[in-house]
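Both backbone and side-chain heavy atoms feed into the values below; hydrogens, waters and symmetry mates do not. Please read these numbers as outputs of a predicted model, since none were measured by experiment.
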Amino acid sequence: MKKLIEKIRKIDDKYKILFFRWWFSAAICFFIAWGLQLGNQENTFELVFFLGLGMGIANLFLFNSVICSVFEIKRRGQIANKKMSDRTIIEGVFYFLSEIFKSMLTVYLVSWCYQGINLLINYMLNKPLESISFGIEPITFGIIFTIIYQVLGLIWDGLVILFSKIFKRGKYNGDIIRQEEESK
């Protein structure tokens with residue numbers, strides 16, 4: 001048992017977070033899609049909306065608060081565990097809205113993945129393309145959600161780095177131009 005605990009401790013925190021995000025998103029899918037019977041309906045708008053909203057709220061108040069207190073999350077070379085009390089009101093509101101939007105967008109993209117999987121299966125089995133051969137289920141939903149969520153996070157971090165370099169470069173070039181003008 002001690003060897004198992006030591007092996008778990010040696011696993012990098014980012015892989016532990018990925019595992020917990022998968023498990024957490026699968027649990028939320030189970031409770032919302034199956035618990036509220038939204039997964040059995042023909043119209044998927046309600047499922048996507050409520051699942052995205054539920055994932056966003058659960059990520060904000062449960063997952064992120066627990067993960068931030070347990071692990072050291074590194075983004076862009078810095079530890080990103082900023083407590084709620086350390087944020088300004090505007091930063092907090094923007095963080096809340098962006099997390100809910102990111103979760104809703106992720107669930108929307110997951111629904112498109114399910115749509116593509118169903119189209120492929122129906123095409124291969126010569127079934128009507130509108131039929132649902134592969135319905136939503138928590139394990140697959142958790143895997144797809146985690147992958148898309150991480151990719152969106154990487155894209156967001158890349159955009160932040162790009163814009164910070166652009167604005168720093170512009171400020172730096174502006175300072176050089178001002179210094180040259182002052183020296184003349």
Q: Please write out which residues are connected to L120 in a hydrophobic cluster, directly or through intermediates, given that two of Ile, Leu, Val, Met, Phe, Trp, Tyr count as joined at side-chain heavy-atom separations below 4.5 angstrom.
A: M124
Q.
For Y95, is there any backbone N or O sitting under 3.5 Å from a side-chain donor or acceptor partner on S98?
A. yes
Q: Mark yes or no for whether E137, through its side chain, and T140, through its backbone, hold a donor-acceptor pair below 3.5 Å.
A: yes
Q: Return yes when atom CD1 of I89 has more than 12 non-hydrogen atoms of other residues, nucleotides or ligands closer than 6.0 Å, and no otherwise.
A: no
Q) Do other residues, nucleotides or ligands put more than 12 heavy atoms under 6.0 Å from L159 CG? A)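 Counting neighbours around CG of L159, more than 12 heavy atoms of other residues, nucleotides or ligands fall under 6.0 Å, so yes.
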Report the distance from atom [atom1] of [X] to atom [atom2] of [Y], rounding to the nearest 0.5 Å.
X	Y	atom1	atom2	result
L154	Y149	CG	OH	11.5 Å
L109	M104	CG	CE	12.5 Å
I161	I166	CD1	CD1	12.0 Å
I144	T106	CD1	OG1	12.0 Å
E46	I32	CD	CD1	13.0 Å
K102	I148	NZ	CD1	12.0 Å

Give the minimum heavy-atom separation between [X] and [Y], together with the two atoms involved.
X	Y	answer
I11	K16	O-CE, 3.3 Å
P128	N122	O-ND2, 3.4 Å
G52	S103	O-CB, 3.8 Å
G142	S25	CA-OG, 3.3 Å

Q. Is the shortest heavy-atom distance from the side chain of F141 to the side chain of W22 under 4.5 Å?
A.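 No, their side chains stay 4.5 Å or more apart.
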I'd like to know if [Y] and [X] are part of one continuous hydrophobic network [Ile/Leu/Val/Met/Phe/Trp/Tyr, side-chain heavy atoms within less than 4.5 Å].
X	Y	value
I147	Y15	no
I143	L18	no
W156	L97	no
I121	W112	yes

(Q) Here's a test for you: under side-chain contact (heavy atoms from CB on, under 4.5 Å), which of I136, I139, L47, V107 qualifies with C29? (A)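 The single option meeting the side-chain contact (heavy atoms from CB on, under 4.5 Å) with C29 is I136.
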Q) Quick one: which of F30, F19, F63 gives a ring-ring contact (aromatic ring centres under 6.0 Å, His included) with F24? A) F63
Q: Determine, stepwise, if the pair I100 / M55 fulfils side-chain contact (heavy atoms from CB on, under 4.5 Å).
A: CA-CA 8 Å; I100 289 174; M55 289 297 296; over 6 Å; no
(Q) Let's go through F101 and F94 carefully: what are the C-alpha distance in whole Å and the side-chain angles of both, what is the deciding distance for ring-ring contact (aromatic ring centres under 6.0 Å, His included) to 0.1 Å, and is it a yes or a no? (A) CA-CA 10 Å; F101 176 74; F94 181 69; over 10 Å; no
(Q) Go through it in stages, so that I can follow the logic: the residues are F96 and F61, the test is side-chain contact (heavy atoms from CB on, under 4.5 Å), and I'd like the CA-CA distance, side-chain angles, deciding distance and then a yes or no. (A) CA-CA 10 Å; F96 282 3; F61 296 110; 4.2 Å; yes
